[in-house]
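What follows is a short report on a single structure.
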Amino acid sequence: MPPWAAGAVLVAVLVVYAVVNRLAHHARPVHVVTFTAVTTLLLVVAGRLFPRHDPGPHQERLALYRACAAFWAAGVVWNVITLDADRVPWGLGDPWSGVALFAPAYALLCGYGVAQALIGGVWQGLDAVVAVLAGASAAYVTFLRPFVDTGEGLTPGAVRVMADVVLIAVVVAALIVVRRDAALWLLLAATVVGLVAGQLHGARTVTGTYNPGDLVDVLRLLHYALMVASLAPPVPEPVLAQGIGARRSRIVLLGLGTLIPPVVLAGLAFAPGGERDGGIGVLAVATVVVTALVTVRLTALTFTHERLATRLSRMLRDREQMQETLERQVMFDTLTGLANRYAFCKATEEVAGRSVGCVMFIDLDDFKLVNDTRGHQAGDDLLIELAGRIRQAVRGDDLVARLGGDEFAVLLPGSSVDSARLRATRIIESLMRDVHLPDGGSAVRVGASIGVAELTDDPDKSLASADLAMYAAKQAGKGTVAVFDKGMRESLQGEARFASDFETALAHGDLECAFQPIVDLTDPGYIAFEALVRWNRDGRSVPPDVFLPVAAQRGLAPAVDMLMLHKALNAVQLWRLEGFEVIVHVNVSAQLALRPDFTDLVRDTLLRYNVPDSRLVLEMTEHAVIDDTAAVAGKLRSLQEGGVRVALDDFGTGYSSLAYLQELPVDILKLDKALVRRGTAQRESSDLLKSIIDIGHSLRMQVTAEGIETPHQEAVVISLGCDFGQGWLWGAAMDHHQAQQYLIRTHTGRLMERFHSPYSGAVAG
């Protein structure tokens with residue numbers, strides 16, 4: 001039956017009772033109306049709070065509570081009806097009839113309390129039993145024994161009061177384990193109020209001061225109301241009370257449960273006539289039982305604490321090991337076992353504040369080659385071996401650290417610069433010995449470049465200074481040592497400003513495109529231009545071999561190449577509008593050629609300026625194609641299919657492998673000016689130059705000689721069979737207007753087609 005339906009039935013019964021008693025002139029309106037109003041209100045609230053459907057985990061507990069509700073409702077109604085026992089027929093006004101209805105409810109509520117206590121486990125249930133026995137002992141002495149001694153026997157009121165004490169003990173035991181059960185808290189409050197009301201009622205009845213409807217009845221009504229309210233809330237999922245507070249509560253409970261029976265027993269034994277008290281035996285049994293239970297419980301707590309202590313000790317030991325592991329990971333390099341950057345900086349700070357010394361920065365030479373050719377595992381094995389050699393080459397109080405990758409640092413407290421330089425030399429000698437790796441391959445040999453700097457009050461700045469010195473050592477030649485001086489930092493700052501200015505010029509498109517003529521050595525009427533990048537910084541020209549390495553280092557080479565391609569093709573477009581059909585050579589770096597969209601970028605730029613593919617020659621050096629020859633060759637062949645030509649620039653200075661000439665789709669072989677200079681000055685070099693030209697022709701390539709500055713050089717390369725020439729003899733690099741004037745002056749404004757030339761579609765004048 002839903003709570004609202006039960007409330008309606010109860011209200012109907014009470015109304016009928018009120019009407020009947022009113023007619024019989026025995027009604028107590030204050031008692032009846034007050035109880036009816038409070039009970040109705042609480043049952044309406046219960047209808048709101050009680051769930052329509054029992055949640056699965058709470059079904060059994062809700063069923064138990066509903067059974068209690070039924071007995072409580074019956075007991076409450078019967079107590080109201082029997083307020084005037086003389087008017088109840090058939091002897092049903094006997095006070096024990098109300099107790100008979102309340103007894104099942106007490107039993108069920110005590111069972112519920114014990115069940116809630118058992119949620120925490122068997123030992124928590126044992127705590128509840130101790131509390132119940134202690135409460136029963138107190139109730140026996142307080143309420144039952146006086147009636148036994150007087151010979152009046154038990155009364156319903158005494159039994160109810162004893163039941164209240166036992167129920168309070170059970171609820172307190174349950175609340176120690178389950179603290180968030182609202183029903184238990186309401187039940188505890190109801191039982192305490194009922195106990196007080198029962199005591200007052202008994203006292204006033206004995207003294208003859210009890211009047212129906214006074215404070216005693218109000219407390220009883222409150223007792224009933226709280227009891228009904230405790231049945232209304234849905235039973236929550238039990239939450240075990242955790243932590244020190246819960247353990248303290250159980251300890252207090254056990255202490256009280258242990259003390260109450262012996263204290264009561266002692267009071268009876270030493271009270272006047274205590275030796276004749278028949279209740280002593282009952283209390284003695286209760287004391288023995290409680291003492292035994294508490295002994296078992298304390299023994300269990302001892303074992304539990306020992307297990308907890310063992311577990312806590314193991315946890316602390318594990319925590320210490322974990323802390324040591326974390327500290328090692330924080331302070332040491334996991335691969336080599338050396339100190340890491342963090343530990344090195346901390347140690348440097350400590351030494352800098354109390355001692356002089358030096359800092360050494362070590363960078364391995366050619367380590368990347370080992371990683372690339374032998375694999376990363378071989379690289380790790382090499383780092384481990386070299387780390388051990390560095391450690392052996394320094395003093396015991398020197399700190400060696402791996403900063404990352406193939407970079408190491410050494411802190412040398414108390415060391416002078418000269419001493420640090422000698423030690424750095426020993427490190428280089430130690431590192432350059434052959435290393436036999438576990439992979440079984442050939443021996444590996446790497447060197448190192450080392451920078452040395454004095455330790456200052458700023459440890460970070462000291463390490464940065466050693467780093468600068470290391471770069472100076474690399475520039476001086478691998479396997480060397482350099483000591484930091486202030487000029488290195490000024491040089492670095494100047495390089496940083498230089499790089500920043502170059503990036504700004506590139507971003508604003510301020511790099512200029514200059515044009516140097518390329519002529520046909522057999523017919524001066526044919527001509528092409530090579531587009532060369534130029535940069536004027538603060539009104540002064542910066543050589544390309546100065547800023548182009550900066551562009552490559554910062555990954556800006558593709559941007560430079562594309563800017564020159566746009567400027568060169570734009571110039572060709574303008575010259576075509578003036579009637580000049582010119583072929584332009586544009587240099588391409590490896591960074592641009594290796595981009596996946598390289599071919600699309602070139603084709604799109606040709607379309608943008610409406611320049612035929614045959615008017616473009618892409619020049620690449622041997623170095624630009626050595627990293628991934630196959631990938632670059634595929635892209636170049638794709639462009640050749642549309643008519644773009646490919647020239648291999650500076651041949652004779654780089655790798656000069658005939659394999660590249662066979663693998664790459666090269667149309668034009670451009671001989672380096674140093675090779676041409678030697679070939680035109682010495683007989684022996686002339687034969688070598690002739691052989692290279694013949695090889696180019698045998699591979700169906702046109703050959704261009706660079707760096708022609710004199711008529712003698714021109715005559716020699718013509719005699720050797722060279723096809724084209726480029727150099728100051730015909731003109732230095734010039735801007736767009738100067739190049740156009742050169743076209744007009746040399747060819748009178750018109751160029752003729754030369755069908756057999758690699759520059760197909762050229763026009764002669």
Side-chain angles (χ1 to χ4, degrees), residues 515-532 582-585 587 617-622 645-662 664-734 739 742-743 745-748 751-765:
F515 302 92
Q516 186 174 33
I518 301 174
V519 300
D520 189 319
L521 295 176
T522 61
D523 186 351
Y526 304 100
I527 192 168
F529 286 114
E530 179 180 359
L532 301 172
V582 180
I583 294 171
V584 66
H585 292 225
N587 292 278
V617 178
L618 297 178
E619 292 194 8
M620 303 185 69
T621 63
E622 295 173 82
R645 300 288 177 167
V646 177
L648 187 62
D649 196 15
D650 295 336
F651 186 81
T653 59
Y655 299 91
S656 301
S657 173
L658 295 178
Y660 292 117
L661 296 181
Q662 294 175 323
L664 291 172
V666 176
D667 300 297
I668 305 166
L669 190 64
K670 298 188 71 175
L671 305 180
D672 183 72
K673 58 185 178 181
L675 179 64
V676 172
R677 187 179 301 113
R678 289 194 304 269
T680 56
Q682 302 174 1
R683 175 85 179 174
E684 298 80 4
S685 300
S686 178
D687 294 338
L688 175 61
L689 185 59
K690 172 62 175 174
S691 299
I692 295 175
I693 295 172
D694 291 342
I695 290 173
H697 288 161
S698 66
L699 294 174
R700 298 182 180 179
M701 301 177 186
Q702 299 290 331
V703 180
T704 301
E706 295 183 299
I708 304 298
E709 300 177 357
T710 66
H712 170 71
Q713 290 177 327
E714 177 186 15
V716 172
V717 296
I718 291 176
S719 66
L720 295 177
C722 212
D723 300 289
F724 298 93
Q726 179 180 352
W728 286 3
L729 179 63
W730 297 283
M734 55 193 76
Y742 180 88
L743 290 174
R745 182 174 65 253
T746 305
H747 302 287
T748 64
L751 298 175
M752 301 294 293
E753 291 285 344
R754 182 187 184 199
F755 296 100
H756 64 277
S757 170
Y759 312 112
S760 57
V763 179

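It should be emphasised that the depicted structure is a prediction, and the values quoted were computed from it without experimental measurement. Hydrogens, waters and symmetry mates are skipped; everything else that's a heavy atom, side chains included, is used. Just so you know, residue 1 is the first one in the sequence shown, and it goes up from there.
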**Q.** Heavy-atom side-chain contact between T680 and L720 under 4.5 Å
**A.** no
Q.
Using the side-chain contact (heavy atoms from CB on, under 4.5 Å) criterion, which residues pair with T710? Sequence neighbours excluded.
A. H712, Q713
(Q) Please report the interatomic distance CZ(F515) to OH(Y742), rounded to the nearest 0.5 Å. (A) 14.5 Å
Q. Is a side-chain N or O of D650 found less than 3.5 angstrom from the main chain of D672, in a donor-acceptor match?
A. no
(Q) Tell me the closest heavy-atom pair linking F651 and I692, and the distance in Å. (A) CE2-CG2, 3.8 Å
Q. How many angstroms lie between atom CZ of F724 and atom CD1 of I708, to the nearest 0.5 angstrom?
A. 14.0 Å
Q: Measure the shortest side-chain to side-chain distance between I518 and K670 over non-hydrogen atoms and say whether it is less than 4.5 angstrom.
A: yes
Q.
For the backbone of V646 and the side chain of D667, can you confirm whether one donor and one acceptor N or O come within less than 3.5 Å of each other?
A. yes
Q) Can you find a heavy atom in the side chain of N587 that is under 4.5 Å from one in the side chain of L532? A) yes
**Q.** Within residues 690-699 or reaching into it, pairs that qualify as salt bridge (charged side-chain N to carboxylate O under 4.0 Å, His left out) - sequence neighbours excluded
**A.** K690-D694
Q: Only one of E530, Q726, Q516 passes side-chain contact (heavy atoms from CB on, under 4.5 Å) with H585; say which it is.
A: E530
Q | Pairwise side-chain contact, H697 with V703, heavy-atom cut-off 4.5 Å (strictly under) | A | yes
**Q.** Flag side-chain contact, heavy atom, 4.5 Å: V717 against L671
**A.** no
Q) Which atom pair, heavy atoms only, marks the closest approach of M701 to D723? A) O-OD2, 4.4 Å
Q) Looking at P517 and G731, what are the two nearest heavy atoms and their distance? A) CD-O, 3.7 Å
Q | Euclidean distance, L618 CG relative to L648 CG, rounded to 0.5 Å | A | 12.5 Å
Q) Which atom pair, heavy atoms only, marks the closest approach of T522 to D520? A) OG1-OD1, 2.7 Å
